[in-house]
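Worksheet: the structure to be examined is printed underneath.
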Amino acid sequence: MLVYPSGLDVSSSALRFLTQQLRRHRRAIGSRWRRLSAGRQALLTLAHLRIGHTYAQLAAGFGVGTTTAYRYVTETVDLLAALAPTLADAVRAASTKAYLLLDGTLLPIDRIAADRLYYSGKHEKHGMNVQVLADPFGRLLWTSPALPGAVHDLRAAREHGIVGALAEAGITCWADKGYREAGSTVRIPCWGRWETLSAGQQAVNRSHAKIRALVEQAVATLKSWRLLRKLRCSTTRITSLVQAVLTLHLTSSE
């Protein structure tokens with residue numbers, strides 16, 4: 001395999017943060033000698049998450065075995081995932097904001113037609129459903145654990161406790177029609193076909209769409225980590241990967 005120098009569009013603060021966390025982790029578990037330093041392990045993981053390089057590509061680029069590359073990435077991802085904010089943390093942080101934006105996104109996975117559990121009829125592809133909370137400016141605040149793509153957004157929001165947490169905190173949330181019947185704190189557009197709506201209802205829906213559109217920025221932020229654009233790992237690992245990306249994003253944006 002040919003090896004060449006490349007760049008990584010990730011802030012240096014994310015690399016410093018991750019390196020520091022890995023050094024602490026190594027001291028805590030009493031790890032002595034490693035093939036890669038904490039800084040190189042951090043860089044290897046960032047390359048995997050940001051660019052989506054395979055373990056074979058990472059192994060060739062960093063001069064380690066494929067198994068070692070896999071082990072390093074898994075260790076680092078689990079470490080980052082443990083640092084991700086919980087829903088309670090996100091709701092607490094959002095208590096000072098005027099409202100939140102809620103949306104669901106599908107992370108594509110490589111599954112065959114027989115895996116109906118993971119097939120999203122809305123997107124017409126296999127994937128995992130992840131709920132996203134953003135602030136009024138479209139900045140990513142929190143991501144939910146991943147559920148099979150066949151799960152509807154409203155059901156996912158309820159299973160994760162999002163609807164209940166927002167209602168208990170009294171936080172208004174703007175969402176699309178997929179969250180109909182979510183509750184009084186979740187605002188959705190006026191229901192019905194556009195041509196059947198009154199002029200007032202159409203004006204409300206236009207205003208609602210302008211406000212809610214900013215949540216797409218949060219979704220785009222999540223998928224700027226190219227590994228999440230087409231996941232080829234076990235579905236049991238996807239939640240950890242998403243939470244790891246969330247931790248890195250929040251750390252680098254502070």
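All values below come from the heavy atoms of this structure, side chains included, with hydrogens, waters and symmetry mates left out.
Of the possible polar contacts, one joining the T247 side chain to the L80 backbone as a donor-acceptor pair under 3.5 Å is found. Between the H208 side chain and the C190 main chain, no donor and acceptor come within less than 3.5 Å of each other. In this structure, the side chain of E216 does not engage the main chain of A213 through any donor-acceptor pair within 3.5 Å. Side chain of S207 to main chain of A203: no donor-acceptor pair is present (N/O by atom type, distance under 3.5 Å, no hydrogens or angles). No donor-acceptor pair under 3.5 Å is formed between the side chain of H126 and the backbone N or O of Y119. For D153 (side chain) and G178 (main-chain N/O), no donor-acceptor pair under 3.5 Å exists by modelled atom type. N205 places no side-chain N or O within 3.5 Å of a backbone atom of Q202 that could act as its donor or acceptor partner. Between the side chain of T105 and the main chain of V130, no donor-acceptor pair closer than 3.5 Å is present. Remark: the backbone N or O of P145 is paired with a side-chain donor or acceptor of H160 at under 3.5 angstrom. Proximity of a side-chain donor or acceptor of R158 to a complementary backbone N or O of V163 within less than 3.5 Å is not detected.
Here the shortest heavy-atom pairing between T19 and G39 reads OG1-CA, 3.5 Å. In terms of heavy-atom proximity, A175 sits nearest to V186 at CB-CG1, 3.9 Å. When every heavy atom of L154 is checked against every heavy atom of R180, the shortest pair comes out as CD2-O, 3.0 Å. What you find for A150 and L117 is that their closest heavy atoms are CB-O, 3.1 Å. Between L141 and L250, the closest heavy-atom pair is O-CD1, 4.0 Å. Between L241 and C233 the shortest heavy-atom distance is CD1-SG, 3.7 Å.
To the nearest 0.5 angstrom, R187 atom CZ is 16.0 Å from D176 atom CG. Atom CG of L107 sits about 11.5 Å away from atom OG of S120, to the nearest 0.5 Å. Note: Q57 CD to S6 OG = 10.5 Å, rounded to the nearest 0.5 Å. One finds the CH2 atom of W174 at 12.5 Å from the OG1 atom of T185 (value rounded to the nearest 0.5 Å). Atom-to-atom distance recorded for T143:OG1 and L246:CG is 4.0 Å, nearest 0.5 angstrom. In this structure, the separation between CZ on R26 and CH2 on W33 is 10.5 Å, given to the nearest 0.5 Å.
Salt bridge absent: D110 and K230 never bring a charged side-chain N and a carboxylate O closer than 4.0 Å. Note on D78 versus R237: salt bridge recorded, some NZ/NE/NH1/NH2 to OD/OE distance being below 4.0 Å.
The cluster map of Ile, Leu, Val, Met, Phe, Trp and Tyr, joined by side-chain heavy atoms under 4.5 Å apart, puts L214 and V204 in different clusters. Hydrophobic clustering (ILVMFWY, side-chain heavy atoms < 4.5 Å, transitive): V151 and V132 are in distinct clusters. Under the 4.5 Å side-chain heavy-atom criterion for grouping Ile, Leu, Val, Met, Phe, Trp and Tyr, V73 is connected to L231 within one hydrophobic cluster. Cluster annotation: L140 and L106 are assigned to distinct hydrophobic clusters (Ile/Leu/Val/Met/Phe/Trp/Tyr, side-chain heavy-atom contacts under 4.5 Å, transitive). In the hydrophobic cluster analysis, where Ile, Leu, Val, Met, Phe, Trp and Tyr join through side-chain heavy atoms closer than 4.5 angstrom, Y99 is grouped apart from L166.
Within the 4.5 Å cutoff, the side chain of T67 has no heavy atoms near those of the Y70 side chain. Counting heavy atoms from C-beta on, the side chains of Q21 and T76 never come closer than 4.5 Å. The shortest side-chain heavy-atom distance between T54 and R232 does not fall under the 4.5 Å cut-off. Within the 4.5 Å cutoff, side-chain heavy atoms of T235 are placed close to those of M128. Counting only heavy atoms from C-beta outward, the side chains of R23 and R27 approach each other to under 4.5 Å. A 4.5 Å side-chain heavy-atom check between T251 and L83 finds every atom pair outside the cut-off. Inter-residue side-chain proximity for L101 and I211 is flagged as met; some heavy-atom pair is nearer than 4.5 Å. Side-chain contact between V91 and W142: absent, with no pair of heavy atoms (C-beta onward) separated by less than 4.5 Å.
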Going through the distances and angles, do Q41 and L44 end up as a side chain to side chain contact (heavy atoms under 4.5 Å, CB included)? CA-CA 5 Å; Q41 182 178 348; L44 179 146; 5.5 Å; no
Where do F137 and Q217 land on the side chain to side chain contact (heavy atoms under 4.5 Å, CB included) test, with the steps shown first? CA-CA 9 Å; F137 300 98; Q217 294 183 17; over 6 Å; no
L133 and L102: CA distance, side-chain angles, deciding distance, side chain to side chain contact (heavy atoms under 4.5 Å, CB included) verdict: CA-CA 5 Å; L133 281 176; L102 171 64; 3.9 Å; yes
Start with the C-alpha gap between L248 and W225, add the side-chain angles, then the distance that decides, and say whether side chain to side chain contact (heavy atoms under 4.5 Å, CB included) holds. CA-CA 10 Å; L248 287 170; W225 297 79; 3.9 Å; yes
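Every salt bridge (Lys or Arg N to Asp or Glu O under 4.0 Å) that E159 has, sequence neighbours left out, goes to R155. Applying the salt bridge (Lys or Arg N to Asp or Glu O under 4.0 Å) criterion to R34, with sequence neighbours excluded, gives E75.
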